[in-house]
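Just below is one structure, and these are the notes that go with it.
What you are looking at is a predicted structure, and each value in this text was computed from that prediction instead of being measured. By convention here, the first residue in the shown sequence is residue 1. Ligands are counted one by one from 1 in listed order, and the atoms in each one are counted from 1 as well.
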Amino acid sequence: MKKICVSILALICIIISVSAVSVSAAKITYMRGDADGDSFVTISDVTRIQRVLADLEKDSNGIVKRNGDVDNNGLDITDATKIQMYLAEFNDPYAIGKTITFDEYELPFIPNN
Ligand SMILES: [Ca+2]
Ligand SMILES: [Ca+2]
């Protein structure tokens, strides 16, 4: 009988502790187009994207893939081109250079200009 009471008490403690844990998604913040993570969008970001795409550099922490994918369709050479056009002050519909914040379980929001 004592073992059953202890087991029930342990089960109640587990249920209470699990229900008290609130799971919240972490906020992720980054600068769109800042493929090297130095907080600036420069030609170095274009070079970094090109080198990763050519397998000359690894993107071990995923920053190039996340920050460099300015149009949210996967990292490819057109992202480098779009950053170059941003640097040449062409129209920027991708919010390059803007800070993006989203929950880790959401897709990044692309604001309109
Ligand atoms: Ca940069
Ligand atoms: Ca892309």
Side-chain angles (χ1 to χ4, degrees):
M1 182 67 181
K2 189 175 179 182
K3 282 187 172 181
I4 292 174
C5 289
V6 170
S7 297
I8 291 173
L9 185 60
L11 183 61
I12 290 171
C13 288
I14 290 171
I15 290 171
I16 289 172
S17 65
V18 168
S19 64
V21 173
S22 65
V23 177
S24 61
K27 295 285 185 191
I28 296 173
T29 300
Y30 69 98
M31 180 180 289
R32 188 177 300 277
D34 179 23
D36 61 6
D38 68 353
S39 301
F40 300 97
V41 178
T42 66
I43 198 68
S44 296
D45 299 303
V46 174
T47 302
R48 184 81 197 275
I49 290 169
Q50 292 169 331
R51 292 182 61 82
V52 166
L53 290 174
D55 286 330
L56 297 173
E57 287 183 29
K58 298 288 182 203
D59 182 25
S60 56
N61 54 12
I63 288 179
V64 176
K65 183 178 175 185
R66 183 191 65 203
N67 297 12
D69 179 18
V70 296
D71 53 9
N72 279 6
N73 66 355
L75 185 69
D76 61 23
I77 198 64
T78 64
D79 295 304
T81 302
K82 288 166 182 157
I83 294 171
Q84 287 174 314
M85 292 179 70
Y86 162 80
L87 293 172
E89 300 182 358
F90 280 79
N91 185 30
D92 170 30
Y94 306 105
I96 296 171
K98 303 277 188 324
T99 300
I100 308 295
T101 301
F102 64 99
D103 289 336
E104 66 179 321
Y105 300 116
E106 294 177 349
L107 292 174
F109 172 70
I110 303 174
N112 292 325
N113 285 352

Just to be sure I understand the site: which N, O or S atoms from the protein are less than 3.0 Å away from the Ca ion (ligand 1)?
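Counting only protein N, O or S atoms under 3.0 Å from the Ca ion (ligand 1), the list reads Asp34 OD1, Asp36 OD1, Asp38 OD1, Phe40 O, Asp45 OD1, Asp45 OD2.
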Side chains of Arg66 and Ile100: closer than 4.5 Å at any heavy-atom pair?
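Sidechains of Ile100 and Arg66: no contact.
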Do Ile63 and Arg48 touch side chain to side chain, with heavy atoms closer than 4.5 Å?
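In short, these two side chains do not touch, never coming nearer than 4.5 Å.
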Can you name the closest pair of heavy atoms from [X] and [Y] and give their distance?
| X | Y | answer |
| --- | --- | --- |
| Gly74 | Asp69 | N-OD2, 2.9 Å |
| Asp34 | Ser39 | OD2-N, 2.7 Å |
| Ala35 | Gly68 | CB-CA, 4.2 Å |

Pair up each side-chain donor or acceptor in residues 77-85 with any protein partner under 3.5 Å, not counting sequence neighbours, and list the distances.
unit_1, atom_1, unit_2, atom_2, d
Thr78, OG1, Asp76, OD1, 2.4
Asp79, OD1, Val70, N, 3.2
Asp79, OD2, Asp76, N, 2.9
Thr81, OG1, Ile77, O, 3.3
Lys82, NZ, Asp71, OD2, 2.4

Supply the atom-to-atom distance Glu57 CD to Asp36 CG, rounded to the nearest 0.5 angstrom.
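Glu57 CD to Asp36 CG: 9.5 Å, rounded to 0.5 Å.
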Distance from Leu87 atom CG to Asp45 atom CG, nearest 0.5 Å?
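Reported value, rounded in 0.5 Å steps: 8.0 Å.
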For Lys27, salt bridge (Lys or Arg N to Asp or Glu O under 4.0 Å) partners two or more places apart:
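For Lys27 the salt bridge (Lys or Arg N to Asp or Glu O under 4.0 Å) partners, ignoring immediate neighbours, are Asp103.
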Count, waters excluded, of protein N, O or S atoms under 3.0 Å from the Ca ion (ligand 2):
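The number of such protein atoms is 6.
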